[in-house]
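Numbered from 1 within each chain, the chains take letters A, B, ... in sequence-line order.
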Number of protein chains: 2
Amino acid sequence: MESRIERLCIEKGLKMTGQRRTIARVLSEPGDHPDVEELYRRAAALDARISIATVYRTVRLLEEQGILEKRDFGGGRARYEPTEHGHHHHLIDIDSGRVIEFEEEAHEQLLREIAARLGFELVSARLELFGRRADTQSAISRPAATRADATSVGEPSAAPGQASLRHRGAAR
Amino acid sequence: MESRIERLCIEKGLKMTGQRRTIARVLSEPGDHPDVEELYRRAAALDARISIATVYRTVRLLEEQGILEKRDFGGGRARYEPTEHGHHHHLIDIDSGRVIEFEEEAHEQLLREIAARLGFELVSARLELFGRRADTQSAISRPAATRADATSVGEPSAAPGQASLRHRGAAR
DNA sequence: GTATTTGCAAAACCTTTGCTCGGCT
DNA sequence: AGCCGAGCAAAGGTTTTGCAAATAC
């Protein structure tokens, strides 16, 4: 069976080697933001004949093709997610590290206005919210104009603002 | 004479060595987002007896004390700026790498609402706009509710969105 | 006087790359 | 058959760290 990313690769005319197919499959797992190490671990589990250099080369290739986007949530490692058409942003749960995606029409418009006011044409934007679960039951409240996919992700490490949480002595 | 950052260090009870004083002074230059290398260059110009390891240790210390904030605008190096009370955001000129700061009341409110809708309490947020100078004369247009300080900064390297622009073969 | 901080150099970390071999079309 | 991709290992860049000497309080 053929993964979504693999299909995109074929459309772009990329050669589909076994390794790329495996990596494409891993990347097609929905709602995820793995770093290269994590991708490598998952891919190697499916096919031990994959080196980390290939993972690096592949994500770079896919990024250049517009199939993937590179993210930096702090912590020293780049993380990747499939490009989607509606631009979305991220809310990081500062307690668990979970990443929640959302998009907001009203917001896009406001950003364009801010840029224009400063004399710029908006090319792209990146918005990250760092928040804490509203502690009561109220944590349901239907997303209205907002689409949200919860997305469990790596270690609980996200930093408020951009303060790094690199614990002394912890590996980077 | 005593720089703003130095005063903060003393309040926090940090030992003020000559090197820290120099670095504090350099960091007190307003509206700037230098990376460690740049800090080192400027500090070394004032006092040649400073090593880059000390600069790293100092910015880390100041960050842990809440005096500095670490930023990542892409390009592989962390950049630092003094913590300020009014949260501001950044617009990066993708052609020149210049960073412009702004703040927006309406925007803060909207962010809180978005977080609330997802069931979170907003702790902090990071917003970065990547834009291109509106090419005509119109580039003046008074910032209305928006305060802006232009801030020339390092090399022209910032990336749109988070797509990396690491040119093949270019140093990281 | 003692605990911290510094400088230096080496290590650690993530990422890229040169080269040779292997595999896809 | 030819060419592009993969593996390995070494190099690249940024940041951290171990240790002895220097410095602040």
Are there any protein N/O atoms within less than 3.5 Å of an N/O atom in nucleotides 23-25 of chain D, and if so, which ones and at what distance?
| residue | atom | partner | partner atom | Å |
| --- | --- | --- | --- | --- |
| D:dC25 | OP1 | B:M16 | N | 3.2 |

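Side-chain polar atoms of B:E38 and B:H33 form no donor-acceptor pair below 3.5 angstrom. For the residue pair A:H107/B:E113, the side-chain donor-acceptor check at 3.5 Å is not satisfied.
Without hydrogens or angle criteria, B:S124 side chain to A:F130 main chain gives no donor-acceptor distance under 3.5 Å. B:T54 places no side-chain N or O within donor-acceptor distance of the main-chain N or O of B:I50, the cut-off being under 3.5 Å. Remark: side-chain polar atoms of A:R126 are not paired, donor with acceptor, to backbone N or O of B:L129 under 3.5 angstrom.
A:R60 has no side-chain polar atom (N or O) that falls below the 4.0 Å cut-off from OP1 or OP2 of C:dT15. For B:Y56, no side-chain nitrogen or oxygen approaches OP1 or OP2 of D:dT16 to under 4.0 Å. In this structure, B:R57 does not reach the C:dT6 phosphate: none of its side-chain N or O atoms is under 4.0 Å from OP1 or OP2.
Counting only heavy atoms from C-beta on, B:R77 has its side chain closest to D:dG13 among D:dG13, D:dA9, C:dT15. The nucleotide whose nearest atom lies closest to any side-chain atom of B:Q19 is, among C:dT6, C:dC14, C:dT15, C:dT6. Listed nucleotides C:dT17, D:dT14, D:dG5 differ in distance to A:R20; the shortest reach to its side chain belongs to D:dG5.
Nucleotides of DNA chain D nearest to A:S51 and B:V36 differ in position, and the one nearer the 5' end is that of A:S51.
Contact annotation for A:I52: no contact, since no heavy-atom pair falls under 4.0 Å across all strands.
In this structure, the separation between CD on A:E101 and CG on A:L91 is 11.0 Å, given to the nearest 0.5 Å. For the atom pair CD1 of B:I67 and CG of B:L27, the computed distance is 10.0 Å after rounding to the nearest 0.5 Å.
Rounded to an integer number of Å, the gap from CD of B:E37 to P of D:dT16 is 14 Å. For the pair B:R79 CZ and D:dT15 C1', the interatomic distance rounds to 17 Å; values are reported in whole Å. Spacing between atom CG of A:L61 and atom C1' of C:dT15 amounts to 16 Å, rounded to whole angstrom units. Atom CD in B:E38 sits roughly 16 Å away from atom C1' in D:dT14 (whole-Å rounding).
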